[in-house]
Amino acid sequence: MLVLGLESSCDDCSAAVVEETPAGPVLKAMVRKSQDELHAPYGGVVPELAAREHLLQLRSVIGEALAVAGVGWKAIDRIAVTQGPGLVGCLLTTFSAAKAIAWKEGMPWVPVHHLLGHLNAARFVVPGLPFPALALLVSGGHTHLYRARDWTHLELLQKTRDDAAGEAFDKTARMLNLGYPGGPIVDLCAQRASASGEAFTAPKFRDGKAAWSFSGLKTGVKMRIASQPGLELAGIEDPRVQALCRILQETIAKWLLKPIPDFARATGAQSLVVSGGVACNSELRTQAKALADSLGLRLAIPEPRLCTDNGAMIAAAGALLHPAEDPLPVNADADLKLT
Ligand code: KG4
Ligand code: ZN
């Protein structure tokens, strides 16, 4: 079965052609147009600009993906598209296009939850993943830990109470004037550090419930920058900036992985999936590998281009879901819940 996957929930416009085989999904083509340059002057994604840019990019992105895969519309067996959550204008452009194509071509059409997409990116690395699995899905908008019964059924275990981990990366890069998007730059800067900075204090929750919080970390970074004159303009080559980036990503990786041992025991998990844009982070990948080895969990972290938003993960999830009976009444949902 050949699936065309489309994703444009935020600032990436991506289409991919994936062949679903008995051995797992095979990526035939993937095209992604980044909007980094468009949003860089604002230090973050401007929703209205992003949606308009998707409208301009979508046609050529789909056309290129089909051309690289060497197939025409007739060869595609179904279209999978992100239904939500995300920026509503961005979702709507691609969702409406997918609906129209499906209707015109008489093609099965599958709406996909964005986070189910991030989980299914792991099918490209370990298609025969043993379940149940813990799925740590971390991006600019999400920091969620799920128990996955299989590739399409998730139960929430823990999430952030405030900012997503990706936001802590992006805001730190912004405060240090390092550029946009922040995660990859902070990662690069941290890898150049010869020493780490002073540790950050972990947040404590009075109600004792399992959760993350990253807003205090952001404030912590702000205070450290304020206490070192000139740091905000010192740039990526400055050892103090490098040390700050290093302790930031060491801290985020440590906090993200902290609940894994207890939840692995409590849920009988056999595997650990780490996905979403923040899963590109070199320190998180290293710490996750060491932790999974020590707990005897099978680890699945997609290659970086499949961790960030992309059409391939949506196609991989869409291959396992039931197509919508009638495309027309189904709509994009900025706040879509996992059912
Ligand atoms: O999954 P994604 O592409 O989009 C959302 O669904 O949000 O994730 C984007 C996030 C951004 O916050 C970006 O800074 C972060 O992923 N990111 C990273 C790295 N690469 C991307 N964070 C830390 N280290 C990286 N290497
Ligand atoms: Zn995402």
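Residues take their numbers from the sequence shown, with the count starting at 1. Read the numbers this way: they start at 1 and go in the same order the structure lists the ligands and their atoms.
Taking the charged nitrogens against the carboxylate oxygens, Lys33 and Asp12 have no contact shorter than 4.0 Å, which rules out a salt bridge.
How far CG of Leu295 is from CZ of Phe263: 14.0 Å, rounded to the nearest 0.5 Å.
Of the N and O atoms on the side chains of Ser8 and Thr94, at least one donor lies less than 3.5 Å from an acceptor on the other residue. Using a 3.5 Å distance cut-off with no hydrogens or angles, the side chains of Asp309 and His118 do pair a donor with an acceptor. Counted by atom type alone, Gln249 and Thr251 present zero donor-acceptor pairs between their side chains at under 3.5 Å. For the residue pair His114 / Glu7, a side-chain donor-acceptor distance below 3.5 Å is found, with atom types taken as modelled. Between the side chains of Ser14 and Asn310, no donor-acceptor pair is found at a separation under 3.5 Å. Residues Thr308 and Arg32 bring a donor and an acceptor atom of their side chains to less than 3.5 Å of each other.
Considering backbone and side-chain atoms together, His142 places no N or O closer than 3.5 Å to any N or O of ligand 1. Residue-to-ligand polar distances place Gly140 within reach of ligand 1: an N/O pair is separated by less than 3.5 Å. An N or O contact shorter than 3.5 Å is missing between Asp12 and ligand 1 by distance. Considering both main-chain and side-chain atoms, Phe169 never comes within under 3.5 Å of ligand 1 through any nitrogen or oxygen pair. The shortest N or O to N or O distance between Asp187 and ligand 1 is below 3.5 Å.
Residue Gln249 does not touch ligand 1, judged by heavy-atom distances below 4.0 Å. With a heavy-atom cut-off of 4.0 Å, His114 touches ligand 1 through its side chain alone. The parts of Asn281 lying near ligand 1 are both backbone and side chain, judged by heavy-atom distances below 4.0 Å. Residue contacts with ligand 1, taken as heavy atom pairs separated by less than 4.0 Å, involve Asp170 solely via side-chain atoms from C-beta onward.
Close contacts of ligand 1 with Gly141, meaning ligand atoms under 4.0 Å from a residue heavy atom, involve 7 (O). Listed by atom number, the atoms of ligand 1 under 4.0 Å from Thr308 heavy atoms are 3 (O). Listed by atom number, the atoms of ligand 1 under 4.0 Å from Gly166 heavy atoms are 12 (O).
Summary of contacts: the protein heavy atom closest to atom 17 (N) of ligand 1 is Gly277 O, 3.4 Å. Here the protein heavy atom with the shortest distance to atom 2 (P) of ligand 1 is Asp309 OD1, 3.3 Å. Of all protein heavy atoms, the one lying nearest to atom 22 (N) of ligand 1 is Gly183 CA, 3.4 Å.
Within the structure, the salt bridge (charged side-chain N to carboxylate O under 4.0 Å, His left out) test picks out the following pairs touching residues 70-87 (sequence neighbours left out): Lys74-Glu105. Residue pairs meeting the salt bridge (charged side-chain N to carboxylate O under 4.0 Å, His left out) criterion with at least one member in residues 181-197, sequence neighbours excluded: Arg192-Glu237. Applying the salt bridge (charged side-chain N to carboxylate O under 4.0 Å, His left out) test to pairs two or more places apart or on separate chains, none has a residue in residues 107-121.
Within the structure, the closest approach of Cys10 to ligand 1 does not fall below 4.0 Å when heavy atoms are considered.
Remark: Arg224 qualifies as a cation-pi partner of Phe200 under the 6.0 Å distance and 45° angle criteria applied to the six-membered ring. The cationic atom of Arg174 (NZ for Lys, CZ for Arg) does not lie both less than 6.0 Å from the six-membered ring centre of Tyr180 and within 45° of the ring axis.
A donor-acceptor contact shorter than 3.5 Å is absent between the side chain of Glu250 and the backbone of Ser196.
Only protein N, O or S atoms were considered, and those under 2.8 Å from the Zn ion (ligand 2) are His114 NE2, His118 NE2, Asp309 OD1.
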